[in-house]
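Right, one structure below, let's go through it.
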Amino acid sequence: MPALYLHIPFCLRKCPYCDFFSRDDCAALLPGYPELLRRHLAWAADHGWRGPLDTIYFGGGTPSLLPPPAVGELLAAAARHFGLADDAEVTLEANPGTVTLERLSGYRAAGVNRLSLGLQSLAPGPLAVLGRRHDVAQGVQAVQAARRAGFANLSLDLIFALPGQTPAELEAELDRYLELAPAHLSCYGLTAEPGTPLHRQVQDGALALPDGERYADAFLLVHERLTAAGFEHYEIANFARPGRACRHNRTYWERRESLGIGAGAHSFKEAGWGERWAVPADLAGYAAALHGGGEPAERLEGFDRAGAMGETLYLGLRTRSGVDEAAFRARFGCGVAEAYPQGVRKLQPWLALTDGRWRLTVDGWLLYDRLIQEFL
Ligand SMILES: C[S@@+](CC[C@H](N)C(=O)[O-])C[C@H]1O[C@@H](n2cnc3c(N)ncnc32)[C@H](O)[C@@H]1O
Ligand code: SF4
């Protein structure tokens with residue numbers, strides 16, 4: 001498989017909007033976790049997973065809670081078991097409140113060459129609404145420290161469409177981000193995920209997220225401002241300087257094989273029409289499975305031909321490179337318009353075939369959740 005994902009399910013404190021699997025009892029559980037990941041890597045190598053790896057991604061939770069030597073040992077173990085391409089992309093997600101120059105230099109020396117900083121905002125109001133532990137100064141310092149540590153390939157997260165955020169405030173936010181000259185930006189509209197404190201606040205009427213029209217204005221403002229500044233809007237939520245698109249995420253959107261290590265991690269196997277597997281979000285169960293020598297993951301779903309066709313469009317149409325018509329035909333024995341004549345008709349004018357690839361327009365991305373139902 002070309003891609004390896006390692007899930008680090010620990011955070012110093014849960015943010016009120018986040019439903020990613022992570023726990024805040026780090027002191028007790030984090031020290032023993034890297035050993036579980038190493039066992040899992042060895043187990044996967046013994047059970048048919050093969051490299052070489054083009055990309056490795058430490059995601060979370062808060063991977064920057066791992067000490068740099070633990071990251072180095074995990075990278076060495078991954079290279080030993082699977083092999084690692086010379087120019088492999090190795091990303092680590094870091095939370096600005098957890099990093100120092102020394103720690104970031106340690107990650108760089110350990111082999112991490114791409115850093116994704118969970119900045120979320122560069123203004124005090126939004127950081128407070130989002131319940132973040134770090135302040136604006138710590139965010140800027142984290143960016144500067146990342147540069148000094150040698151991370152030229154630096155990605156910053158931004159959350160927009162916050163309650164009450166005006167277009168002028170969002171524009172000022174984007175200007176502050178651009179001043180920091182990142183190679184890559186991930187821009188997410190705030191969503192109220194069921195089960196989170198933010199969701200309860202929205203349900204109770206204590207907070208109101210922007211309506212559809214305001215969200216659309218904010219999304220288009222982000223698109224226009226960042227593309228005008230030279231970024232390619234290469235996926236619904238992602239913008240990159242030329243050559244800086246995230247290679248790891250591309251493997252997901254292209255349905256290529258990826259191994260997920262760690263409690264809560266997902267894998268994709270190319271067998272048949274594709275299979276999705278997930279390690280349950282349960283640390284005690286994860287440790288028990290690994291100590292017992294069993295399979296830590298459960299099979300979530302196996303695709304049939306129709307399911308694989310739908311997912312190829314579901315994932316590919318999120319990206320600017322879109323879905324290759326010839327590759328689709330070679331894989332499934334028919335073109336997209338033959339497989340979905342009604343869907344392709346209904347999706348005019350948002351869906352087009354140009355240069356042999358099916359793509360959604362930026363306006364189509366705004367309606368993505370609704371439009372994509374035609375293929376599922
Ligand atoms: C798993 S987090 C990793 C970053 C790191 N844990 C941190 O927060 O600094 C991935 C990103 O998803 C985004 N995110 C998480 N929950 C979200 C939500 N409900 N709405 C919008 N964006 C969200 C945030 O930008 C976050 O940085
Ligand atoms: S946004 Fe990041 S730091 Fe906050 S709870 Fe989610 S994973 Fe943890």
Side-chain angles (χ1 to χ4, degrees), residues 5-26 29-30 33 57-66 91-100 103-104 107 112 114-123 126-136 138-143 145-146 151 154-163 165 170 173-174 177 182 184-203 207-210 215 218-219 222 235-239 246 248-249 252 260 262-266 281 369:
Y5 174 83
L6 299 102
H7 191 69
I8 313 300
F10 302 101
C11 292
L12 293 178
R13 191 179 72 199
K14 272 309 277 185
C15 302
Y17 54 85
C18 177
D19 77 342
F20 285 76
F21 170 50
S22 70
R23 296 177 49 153
D24 54 12
D25 45 359
C26 311
L29 296 169
L30 180 63
Y33 191 67
Y57 194 104
F58 290 86
T62 307
S64 51
L65 291 173
L66 285 179
T91 304
L92 183 130
E93 285 178 354
N95 186 321
T98 63
V99 292
T100 58
R103 181 164 277 251
L104 292 174
Y107 293 139
V112 178
R114 182 173 183 274
L115 199 75
S116 172
L117 264 183
L119 216 52
Q120 321 306 355
S121 170
L122 283 163
L127 288 175
V129 170
L130 294 170
R132 295 292 291 186
R133 282 173 57 91
H134 72 276
D135 60 22
V136 174
Q138 283 173 309
V140 174
Q141 280 157 16
V143 173
F151 286 104
L154 179 64
S155 178
L156 305 179
D157 285 354
L158 164 69
I159 300 185
F160 68 96
L162 302 173
Q165 187 176 46
L170 178 55
E173 179 83 289
L174 291 166
Y177 268 72
H184 186 281
L185 283 160
S186 295
C187 303
Y188 306 105
L190 180 63
T191 53
E193 303 294 341
T196 60
L198 174 72
H199 189 258
R200 282 190 289 281
Q201 280 181 294
V202 171
Q203 296 288 96
L207 267 185
L209 294 184
Y215 176 81
F219 179 86
V222 172
E235 192 267 347
I236 294 181
N238 287 288
F239 297 80
C246 175
H248 187 82
N249 287 343
Y252 298 149
H266 289 234
D369 288 342

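Remember, it's 1-based here, ligands and their atoms both numbered in the order they're listed. Just so you know, residue 1 is the first one in the sequence shown, and it goes up from there.
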inquiry  = Can you confirm whether the side chains of Y57 and E93 place a donor and an acceptor under 3.5 Å from each other?
reply    = yes
query = How about R23 and L29: do any of their side-chain heavy atoms sit closer than 4.5 Å?
reply = yes
Are any protein N/O atoms closer than 3.5 Å to the N/O atoms of ligand 1? If there are, list each pair with names and the distance to one decimal place.
from, atom 1, to, atom 2, distance (Å)
ligand 1, 6 (N), G61, O, 2.7
ligand 1, 8 (O), Q120, NE2, 3.4
ligand 1, 8 (O), R132, NH1, 2.8
ligand 1, 8 (O), R132, NH2, 3.3
ligand 1, 9 (O), R132, NH2, 2.9
ligand 1, 19 (N), Y17, O, 2.9
ligand 1, 19 (N), T191, O, 2.9
ligand 1, 19 (N), T191, OG1, 3.4
ligand 1, 20 (N), T191, N, 3.1
ligand 1, 20 (N), T191, OG1, 3.4
ligand 1, 25 (O), Q120, OE1, 2.7
ligand 1, 27 (O), Q120, NE2, 2.6
ligand 1, 27 (O), D157, OD2, 2.5

inquiry  = For S64, give me all partners under side chain to side chain donor-acceptor pair (under 3.5 Å), at least two apart in sequence or on another chain.
reply    = T98
ask   = Taking any residue with a non-hydrogen atom under 4.0 angstrom from an atom of ligand 2, which ones do you get?
value = C11, K14, C15, Y17, C18, G61, T62, N95, R132
task = Give the ring-plane orientation class for H7 versus F21, where under 30° counts as parallel, over 60° as perpendicular and anything between as tilted.
result = parallel
ask   = So which of E193, Q201, R132 actually passes side chain to side chain donor-acceptor pair (under 3.5 Å) with Y17?
value = R132
task = Name the orientation class of the two ring planes belonging to H248 and Y5 (parallel below 30°, tilted from 30 to 60°, perpendicular beyond 60°).
result = tilted
query = Residues in ring pair (Phe, Tyr, Trp, His ring centres under 6.0 Å) with F239, at least two apart?
reply = H233
ask   = Any side-chain heavy atom of V112 within less than 4.5 Å of one from F151?
value = yes
ask   = Checking side-chain contact (heavy atoms from CB on, under 4.5 Å) against P182, which of L158, L115, L156 comes through?
value = L156
